[in-house]
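Working notes, structure below.
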Amino acid sequence: MTEEEFFLSSHPASLEEPQRLGMVVSGSLSEGLEVKLDGSVSVEAVRSGRLVAVQGQNQRFLGQITDVRLAAIDRLLTVTPPDVADPFIAQVVTGTSTYGILKVIQSLALSSSGIEEAKTIPGHFSAVTEASAADVEMAYGTEDARHFYIGNPLDMEVHLHLDLKRLVERSSGVFGKSGTGKTFLTRILLVGILQKADAVNLVFDMHDEYGWEGSQEGGARVKGLKQLFPDQVAVFTLDEESSRRRGVSTDFVVQIGYDEIEPEDMATLRETLNLTERGLDAIYELGEKYGRNWLNTFFQEDNRTLQEALGERAEVAIGTLRALRLSLNRLKSLHFLVPHAQDDSVKRVLTLLDARKNVVLEFGRYRDNSEAQVLVANLLTRRIHEHYVKRKESARGDQEGPVPLVITIEEAHKFLSPQVASQTTFGTIAREMRKYNVTLLVVDQRPSGIDPEVMSQIGTKLACLLDNEADIEAVLAGTPAKGELKKVLSKLGSKQQALVLGHAVPMPIAFDVRDYGTPQSYAELGFGSWELKQKAQSNISDLYGD
Amino acid sequence: MPEHIGEVIAAATTEFQVQVYELHNTPPLGSLVKTADGDVKIYALVAAAETGSIDPGRQPIARGQEETDEADLFHHHPQLSQLLRTTFRALVLGHTTQSLLRHYLPPRPARVHGFVYLCPPEEIREFSQPLDFLHPLISVPGQDEIIAAFLRRAASTYLEPETFLLGAGKELAILLADQPQRLNALLKRIKP
């Protein structure tokens, strides 16, 4: 394809030519471009986060506006301002004596050889326009087997797609302060992963938002995964009563036996249960002595007996056991914990995941109970981790490993804080489980509370509005042009707007999240033309073979 | 060919003096006029017109005390129109060579006794199309009245005078960036 053909094919003449915004007047590769706004474009019409295209001589650059500034051609003008009460004079001086300067971070270069990260900048006075639909599609892909529509770039009508196969290749994160639409966005991502990522999900649904139905601002109920994909999703609950009360149909009620809890699980609960170092040592001693039955025995026997029994191996103070009992008794209030579970819930989850069924675990009344959340999530994840490592290692070179698994975890700082990340399985997964086909989708409002080492392993980040400096810093750590993106991130709308950056997108982009919860949005999600065609295709192959 | 309105009576590279044939009948301030030097057409702007005695030694004196009408005065003293003359100064803005319009000074000044014509609207429009002529005009102090007058006249030859004036205003805003007060005053004179 010649250069000319390339530009013709990638930028078909559309009825609506993208509007010219101005021209490049200065800039650098590291700090971005300065663009002088044309007089015909109102400063108020350009917004931070907006996608723009710069036509260089041989390449077309895509970037986004990170800052808007006012400038005057001469300092005197700001001292003796023109008579702008006169509309004619106001119109004359706009864009000439006084003008807007846009700061643009250029990230991508489109040329006949394809898309690549921008390694140079366009020359002086290159024309800057709004990015066209063709630009967006070229950079972010069009709806297909792996690209999923997640929203629209700010101020644009064109669909923005996320490469979900890339998203699940590495761990990802959804961040944003409370009430900015993290759950809303995560729900959409989960639907996308279910449809297109060729991966299974395990969702720790701490606030009962994803399974059967969820809530939206204003109290409206929206469909959960089970309603949209009844055959592909199983809902587990820790609290059958709450599920029944909410009229939610659940597939399994989770029970965990004391004999399934290992001393290592207690280590992760150290903070929530207020365990002392000595207490923890005692737990390990108990584990050594009684094996799987350590907790049952602990609850059955009194402190004195235990002390004597342990005395053969180590000296444990009675005070330590007393304190330990106070802490561990709190576990008794968790009704899903029983001395011995009839049904191995964890095994059930694993079987379903192996059969490519997605699992949502609802917490019911334990929504705010940190002990329950940390214990269950860790216990389950530890077993899954062991299972996946075994599966992957036993897979021969020519065999594929287990189906990629995405574990969605809300309130992620509880599992991935610097204090516990090294002890929890979540920390291990975030760091190295990509090799074993398991990745995390962490959802959190305080990314600064997550271990920086874990954050650095998160491939794709989707950030809703954040205004705490430390949180913004945590999300953007290690990103080129961090300073500029910071401005975009802190200026996002407080509802349904997000910035996506990292592994799944060629360049960071701010977008309005697609709609979810209206009948039309469900139709778009489940019965879009592409999905229908795929469904028809698969029906045909089912009937007649490939 | 339209009728000529006067003749060049003194010429320099940057300006020439024109005497109009009809007393008092000077073209309006800021009008575009032209005169020819062979194939070269020289364009100039009407600035600073005056009427006075043809003999610098003999100043006009008031004669109409007994008259009731100004016209009667000239009727009763027919020599007056021969002793007085109206002249104007024309600032050279550009020329044509080989039918191409150039917004800079011609190679030679206009010829004395060369006929001077008023430019028709379409020629004004053509001349004012790129606003390059503003730059030399601005650089000479004290011409702002003439600039404003020409821009107003030129605007009236366009279908959308406001658009022309806005463009001209923007050009001035750039040229006069360091003189905001002058710009302000000039813009007030040309606003539609």
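In what follows, every chain begins at residue 1, and chains take the letters A, B, ... in the order their sequences are listed. Computation of the quantities below employed the complete heavy-atom set of this structure, encompassing side-chain atoms and omitting hydrogens, waters and symmetry-equivalent molecules.
Remark: B/H76 NE2 is packed, more than 12 non-hydrogen atoms of other residues, nucleotides or ligands lying under 6.0 Å away. Heavy atoms of other residues, nucleotides or ligands lying less than 6.0 angstrom from NE2 of B/H77 number more than 12. Within a 6.0 Å sphere centred on CD of B/E70, other residues, nucleotides and ligands contribute 12 heavy atoms or fewer. With a 6.0 Å radius and a threshold of 12 heavy atoms from other residues, nucleotides or ligands, B/Q129 has its CD atom above the threshold. Around CG of B/D39, the count of heavy atoms belonging to other residues, nucleotides or ligands within 6.0 Å does not exceed 12. Annotation for B/E126: atom CD does not count as buried by contact number, only 12 or fewer foreign heavy atoms lying within 6.0 Å. More than 12 non-hydrogen atoms from other residues, nucleotides or ligands lie less than 6.0 angstrom from NZ of A/K487.
Scanning residues 166-181 of chain B against chain A with a 4.5 Å non-hydrogen threshold yields B/L166, B/G169, B/K170, B/A173, B/I174, B/A177, B/D178, B/P180, B/Q181, sorted by number.
Nearest heavy-atom pair across A/F88 and B/I190 is CE2-CG1, 3.9 Å.
Between B/L183 atom CG and A/L76 atom CG the span is 12.0 Å, to the nearest 0.5 Å.
If you measure heavy-atom distances from A/D86 to chain B, the contacts under 4.5 Å come from the side chain alone. Using a 4.5 Å cut-off between heavy atoms, A/P87 does not touch chain B at all.
Residue pairs meeting the ring pair (Phe, Tyr, Trp, His ring centres under 6.0 Å) criterion with at least one partner in residues 6-64 of chain B, sequence neighbours excluded, are B/H4-B/Y21, B/Y43-B/F127.
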